[in-house]
Student: 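Before I ask anything, here is the structure I am working with.
None of the values given here were measured: they were computed from a predicted structure.
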Amino acid sequence: GNTVDPQALIEQYGADTVRLFIMFAAPPEQALEWSDKGVEGAYRYLKRLWKLISHFIHLNPTDTNRVKPLSTHLKDSRRLIHETIQKVTDDLERRYAYNTAIAALMTLTNHLTELDETDNNTLIVKAEGIEVLLKLLSPFIPHLTQALWAAYGHSGLIMDASWPKVDLDALVKEELTIVIQINGKKRGQIEV
């Protein structure tokens, strides 16, 4: 008597929303604490994802050539994209931790939403991030990602597209902040 019939939620929010919530709410080996608010949160996330990609498609970026070296902010954005590829791949293949993979994808979505499309390099990095985001989300929300994949201009199934590869050069940090502690108390920090 403690089961939830998802059919009403599927009819209201769609199958992808329910799938996303179930995989995000708890690791597979743990019991799931059902929450209608959680389903609504997953639905809001999917609406934000749709809005992000639809907006970018309407920008219709066509020039894919970098005009100058990437700024520090854009290098950080590329690092986040490739750290996300690394994390999601590990979470799916080795750890079976769907909830943390989805959390990393939500973080990437938020970051891509905040990127201003002010110049061509930003558009190129954002395009890379959106393609990666769609491919990494496809095992979780196959219907929505397929629709966005087609709207983005790709033919065929997104599941047939190659899994993104990590660019190790993008993971390199040029600066690192090191915190200095003495007896467990922060005394300062240095940039290296």
Student: Shared ILVMFWY cluster between Ile130 and Trp163, side chains joined below 4.5 angstrom?
Tutor: yes
Student: I'd like to check the ring-ring contact (aromatic ring centres under 6.0 Å, His included) partners of Tyr13; sequence neighbours left out, ordered by chain and number.
Tutor: Tyr43
Student: Give a yes-or-no answer on whether the side chains of Thr122 and Asp119 include a donor-acceptor pair shorter than 3.5 Å.
Tutor: yes
Student: Hey, does Leu52 have a side-chain heavy atom less than 4.5 Å from the side chain of Lys126?
Tutor: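 Yes; the side chains approach each other to less than 4.5 Å.
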Student: How about Thr100 and Arg95: do any of their side-chain heavy atoms sit closer than 4.5 Å?
Tutor: yes
Student: State which residues pass side-chain hydrogen bond (donor to acceptor under 3.5 Å, both in side chains) with Glu114; sequence neighbours excluded, sorted by chain then number.
Tutor: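 With neighbours one apart ignored, the set is empty.
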Student: Tell me every residue that passes side-chain hydrogen bond (donor to acceptor under 3.5 Å, both in side chains) with Ser77, counting only those two or more places apart in sequence or in another chain.
Tutor: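 Checked Ser77 against side-chain hydrogen bond (donor to acceptor under 3.5 Å, both in side chains); matches are His111.
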Student: May I ask you to test the Ile57-Tyr152 pair for a side-chain heavy-atom distance under 4.5 Å?
Tutor: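 Ile57 vs Tyr152: side chains touch.
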Student: How far apart are the closest heavy atoms of Ala101 and Phe140, and which atoms are they?
Tutor: CB-CZ, 4.0 Å
Student: Is the shortest heavy-atom distance from the side chain of Leu171 to the side chain of Glu83 under 4.5 Å?
Tutor: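 The answer is yes; the side chains approach within 4.5 Å.
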Student: Is there a side-chain contact between Leu136 and Pro164 (heavy atoms, below 4.5 Å)?
Tutor: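 A side-chain contact exists here, since the closest heavy-atom pair is under 4.5 Å.
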Student: So does Pro139 get a backbone contact from the side chain of Arg19, meaning a donor-acceptor N/O pair under 3.5 Å?
Tutor: yes
Student: According to a hydrophobic-cluster definition based on side-chain heavy atoms being under 4.5 Å apart (Ile, Leu, Val, Met, Phe, Trp, Tyr only), do Val192 and Ile180 belong together?
Tutor: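 Yes.
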Student: Closer than 3.5 angstrom, by distance alone: can the side chain of His82 be matched with the main-chain N or O of Asp167 as a donor-acceptor pair?
Tutor: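 Such a contact is found between His82 side chain and Asp167 backbone.
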Student: Cluster question for you: counting only ILVMFWY and a side-chain heavy-atom cut-off of under 4.5 Å, with indirect links fine, are Leu133 and Leu157 together?
Tutor: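 Each belongs to a different hydrophobic cluster.
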Student: Determine the minimum heavy-atom distance between Val39 and Thr17, stating which atoms define it.
Tutor: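 What the structure gives for the nearest pair is O-CG2, 3.5 Å.
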Student: Applying side chain to side chain contact (heavy atoms under 4.5 Å, CB included), name anything that partners Ser162, two or more places apart in sequence or on another chain.
Tutor: Lys135
Student: Check whether Ile81 and Leu168 end up in the same hydrophobic cluster, where Ile, Leu, Val, Met, Phe, Trp and Tyr are linked by side-chain heavy atoms less than 4.5 Å apart.
Tutor: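 Yes, same cluster.
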Student: Among residues at least two apart in sequence or on other chains, which ones pass side-chain hydrogen bond (donor to acceptor under 3.5 Å, both in side chains) with Arg79?
Tutor: Asp76
Student: Are there over 12 heavy-atom neighbours, none belonging to Glu174, within less than 6.0 Å of that residue's CD?
Tutor: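 Open: at most 12 neighbouring heavy atoms sit under 6.0 Å from CD of Glu174.
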Student: For residues Thr107 and Thr84, determine if any side-chain heavy atom of one lies less than 4.5 Å from a side-chain heavy atom of the other.
Tutor: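 A side-chain contact is absent here, since even the closest heavy-atom pair is not under 4.5 Å.
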Student: Using 0.5 Å steps for rounding, measure from the CD1 atom of Ile190 to the CG atom of Leu176.
Tutor: 9.0 Å
Student: With a 4.5 Å heavy-atom cut-off, do Leu137 and Leu49 have their side chains touching?
Tutor: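 Touching, per the 4.5 Å side-chain cut-off.
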Student: Shortest non-hydrogen contact from Leu20 to Leu46?
Tutor: CD2-CD2, 3.9 Å
Student: Give me each pair satisfying side-chain hydrogen bond (donor to acceptor under 3.5 Å, both in side chains) with a member in residues 138-150, each pair once, sequence neighbours excluded.
Tutor: Asp16-His143
